There are 2 protein chains.
Amino acid sequence: MIDTKQKILDTAERLIGDQGYAATSLRHIIAEAGVNLAAVNYHFGSKEDLLDELILRKAAGVNQERLALLDRLEEEAAGAAIPVGKVLTAFFDPMMEAGSRNPQFVKLMGRMYAEGLLPGVVSKHFQPTLIRFVQALRRSLPTLPEAELFSRLQFMIGAMSHAVCASRTVPAAVIPADGVPDFRQTMRWLVVFLTGGLQAPPTPEVP
Amino acid sequence: MIDTKQKILDTAERLIGDQGYAATSLRHIIAEAGVNLAAVNYHFGSKEDLLDELILRKAAGVNQERLALLDRLEEEAAGAAIPVGKVLTAFFDPMMEAGSRNPQFVKLMGRMYAEGLLPGVVSKHFQPTLIRFVQALRRSLPTLPEAELFSRLQFMIGAMSHAVCASRTVPAAVIPADGVPDFRQTMRWLVVFLTGGLQAPPTPEVP
DNA sequence: GTCTATACTGAGATAGAC
DNA sequence: GTCTATCTCAGTATAGAC
């Protein structure tokens with residue numbers, strides 16, 4: 001059948017989103033999809049390549065939107081520095097939208113993060129977009145030394161990745177009684193937090 | 001031999017630090033340690049329990065120091081709020097020290113993070129310490145609504161975890177030419193970044 | 001109590017028939 | 001393109017020697 005590939009993709013997306021990548025065996029996927037085990041390796045090469053296809057068909061649209069928003073900001077600024085908050089909003093809004101429209105996407109990215117697969121996924125599918133935003137932030141924060149800016153971007157990526165998936169790291173004792181806030185709210189809070197962190201004064205040198 | 005257990009622990013620490021947890025098979029560990037496969041399950045129960053022992057013997061001292069520093073800060077403050085930066089420094093200094101004395105510890109924690117094992121490790125070995133620091137930060141940031149403070153702590157943990165391991169997430173194109181900064185420097189920058197983020201004004205409500 | 005040898009189950013990958 | 005059969009390697013469990 002020609003849609004064996006599609007059936008594998010759809011089933012894998014659902015199962016990996018629900019159970020995680022490592023916990024979802026190819027044998028489980030092919031059983032639910034009603035196809036043969038070897039079909040996975042025939043169509044995708046390996047379990048990891050199957051995952052790449054899953055991410056790709058979700059991430060492409062988000063990154064396009066991000067770049068379009070950044071293009072518009074740079075056009076409006078006409079060479080001047082863009083405020084940090086605006087750059088960050090251009091980066092987070094498309095993800096927020098995608099997350100609201102299709103929770104499965106956020107779920108999948110959260111799983112990737114939780115299993116330590118995000119660095120690989122990021123460098124494969126988000127690298128060009130990241131470079132553009134890094135350059136924009138460099139212009140927005142001209143007083144910050146290069147090396148410290150680089151570190152702060154690392155911190156930013158860490159906070160962002162962690163925020164995407166509802167984590168159980170912070171002990172239950174300190175979780176507010178009104179439950180976990182929704183995704184859009186978390187993203188708004190994240191932008192404010194990151195703006196504060198990125199705009200902090202440069203760290204004084206120690207002797 | 002009585003030190004079979006020690007040999008397993010030492011070899012596992014080295015191999016897992018170098019290659020990661022998932023990539024290091026028990027068979028590889030026992031081959032290098034020169035012991036039998038079943039000795040692992042005899043002494044530790046499972047691969048995961050072996051990892052727990054590794055973390056435990058490294059983390060206990062760090063957490064004790066952290067709590068001692070926080071105790072002193074609270075004593076000095078005599079009931080008043082402690083500045084955010086001081087609380088963070090009390091949290092990070094012991095890790096910095098441990099990292100400088102014994103790079104293997106940081107390496108191991110970085111691996112845990114990279115493989116998505118950190119949440120489990122944290123809730124097992126760092127939970128009591130975290131609770132104390134969360135309470136202190138709550139008093140240091142009285143104007144911040146509870147829910148947003150909680151989210152910011154999540155962001156903080158994300159940034160911190162990510163910073164501990166030299167990650168390859170940010171594209172090589174933007175890495176400064178002078179290479180990766182040392183661990184102590186990164187921690188100092190992290191404290192400044194987090195202080196800025198935690199002290200940002202509360203996010204305005206949207207209708 | 002410790003340790004060895006060996007067997008068991010389930011994973012991903014692959015060669016070759018159709 | 002698809003499927004069967006098989007391979008290698010993982011973590012785990014058990015039986016029994018010292």
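Below, chain A is the first sequence line, B the second, and so on; all start at residue 1. Since the model is a prediction, treat every value here as computed from it, not as a measurement.
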Q) According to a strict under-4.0 Å criterion, is N41(A) in side-chain N/O contact with OP1 or OP2 of dA13(C)? A) yes
Q.
Please tell me if Y42(A) has a side-chain N or O lying less than 4.0 Å from either OP1 or OP2 of dG1(D).
A. no
**Q.** Atom-to-atom span, CD1 of I29(A) to P of dG10(C) - whole angstrom
**A.** 18 Å
**Q.** Between C1' of dT2(C) and CZ of F44(B), the distance in whole Å
**A.** 13 Å
Q. How close or far is atom P of dG10(C) from atom CG of L26(A), stated in whole angstroms?
A. 16 Å
Q: Run the salt-bridge test on R66(A) and D93(A) with the 4.0 Å N-O cut-off and return the result as yes or no.
A: no
Q.
Among residues 14-25 of chain A, which ones have heavy-atom contacts with DNA chain D below 4.0 Å?
A. none
Q: Check the distance between dA10(D)'s C1' and E48(B)'s CD and give it to me in whole angstrom.
A: 15 Å
**Q.** Charged N-O contact under 4.0 Å between K107(B) and E13(B)
**A.** no
Q. Nearest-Å distance, CD1 (I30(A)) to P (dG10(C))?
A. 14 Å
Q. So, does the side chain of R27(B) form a donor-acceptor pair with the base of dG11(D) at under 3.5 Å?
A. yes
Q) Salt bridge between E53(A) and K58(A), side-chain N to carboxylate O under 4.0 Å? A) no
(Q) The side chain of A38(A) is closest to which nucleotide in this list: dT12(D), dA15(C), dA13(C)? (A) dA15(C)
Q) Could R152(B) and E148(B) be called an ion pair, given the rule that one side-chain N must be under 4.0 Å from one carboxylate O? A) yes
Q) Quick one: on DNA chain D, does N36(A) or L37(B) contact a more 5' nucleotide (nearest heavy atom)? A) N36(A)
Q | Chi angles and distances behind the side chain to side chain contact (heavy atoms under 4.5 Å, CB included) call for Y21(B), K47(B) | A | CA-CA 9 Å; Y21(B) 174 74; K47(B) 190 183 180 185; 3.5 Å; yes
Q. Between R14(A), Q19(A), R111(A), which is the residue that forms a side chain to side chain contact (heavy atoms under 4.5 Å, CB included) with T24(A)?
A. Q19(A)
Q.
One thing to verify: whether D10(A) and R57(A) come together as a salt bridge, which I'm taking to mean a side-chain N less than 4.0 angstrom from a carboxylate O.
A. yes
Q.
Within the 4.0 Å heavy-atom criterion, would you say A39(A) contacts the bases, only the backbone, or no part of the nucleic acid?
A. nothing
Q) Between D49(B) (CG) and dG11(D) (P), how many Å, whole number? A) 14 Å
Q.
Can you see if the side chain of T4(B) gets near the phosphate of dT2(C) - specifically, an N or O under 4.0 Å from OP1 or OP2?
A. no
Q. Between H43(A) and dT2(D), is there a side-chain N or O to OP1/OP2 distance below 4.0 Å?
A. yes
